[in-house]
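This structure is a prediction, so every number in the text was calculated from the model and none was measured.
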Amino acid sequence: QVQLVESGGGLVQAGASLRLSCTASEPSVSTYTMGWFRQAPGEEREFVASITESRGSTHYADFVKGRFAISRDNAKNTVYLQMNSLEPDDTAVYYCAGDWTPTGLRVGPQHWGQGTQVTVSS
């Protein structure tokens, strides 16, 4: 079972930046589509961004508005989410996820991390 461990969350002021990292326990994740989801208190978990395994094609939720960037370093089994111009509405637990396909990732990823809290104060 692949384990995903997120890090990099924290408390920041509006307008600040954070970079989240997600490190996998196995190099096999280099063949996965990886992504980030988030869940705010009282809300459903929602898709944030994804990156495919081969060409590294990226997809983002509309609310990202060009503020976030997902990337991966397969040599380090790590996926990143660079978040800029953070807003209070970005406050949530951010989860890393992985699946064999982009569709699988969006519908129901096989692998989830435990989440990292991001809090943005106004």
Pairwise distance SG(C22) to CD(Q114) - rounded to 0.5 angstrom: 8.5 Å
Check: S57 main-chain N/O paired with T52 side-chain donor or acceptor under 3.5 Å: yes
Heavy atoms only: give me the nearest S50-I70 pair and the separation to one decimal. O-CG2, 3.6 Å
Just jot down the side-chain hydrogen bond (donor to acceptor under 3.5 Å, both in side chains) partners of E46, sequence neighbours excluded, or say none. R38
What residue pairs, at least two apart or across chains, pass ring pair (Phe, Tyr, Trp, His ring centres under 6.0 Å) with a residue in residues 50-85? none
Could you go through the side-chain contact (heavy atoms from CB on, under 4.5 Å) check for E6 and L20 one step at a time? CA-CA 7 Å; E6 301 97 334; L20 305 183; over 6 Å; no
Measuring from T31:OG1 to E53:CD, what's the distance to the nearest 0.5 Å? 7.0 Å
Can you tell me how far CD of Q110 sits from OG1 of T101, rounded to the nearest 0.5 angstrom? 8.5 Å
Which residue pairs pass the side-chain hydrogen bond (donor to acceptor under 3.5 Å, both in side chains) test with at least one member in residues 11-29, sequence neighbours excluded? S17-N84, T23-T78, E26-S28
What heavy-atom pair brings D90 and R67 nearest, and what distance separates the two atoms? OD2-NH1, 2.7 Å
Checking D99 now: which residues fulfil salt bridge (charged side-chain N to carboxylate O under 4.0 Å, His left out) with it, not counting sequence neighbours? none
Only pairs at least two apart or in different chains count here, so list each ring pair (Phe, Tyr, Trp, His ring centres under 6.0 Å) that has a residue in residues 9-43. Y32-W100, Y32-H111, F37-F47, F37-W112
Acceptor/donor pairs from residues 115-122 side chains to any protein atom, 3.5 angstrom cut, sequence neighbours excluded:
from	atom 1	to	atom 2	distance (Å)
T116	OG1	G9	N	3.3
Q117	NE2	A92	O	3.4
Q117	NE2	T119	OG1	3.3
S121	OG	V12	O	3.4

Check the hydrophobic clustering (I, L, V, M, F, W, Y; side-chain heavy atoms under 4.5 Å; chains of links allowed) and say if V29 and L81 are grouped together. yes
More than 12 heavy atoms of other groups within 6.0 Å of R106 CZ: no
Single-linkage hydrophobic cluster I51~L105, side-chain heavy atoms < 4.5 angstrom: no
Minimum heavy-atom distance A24-V2, with the two atoms named: CB-CG1, 4.4 Å
Backbone N or O of V93 within a donor-acceptor pair of the R45 side chain at under 3.5 Å? no
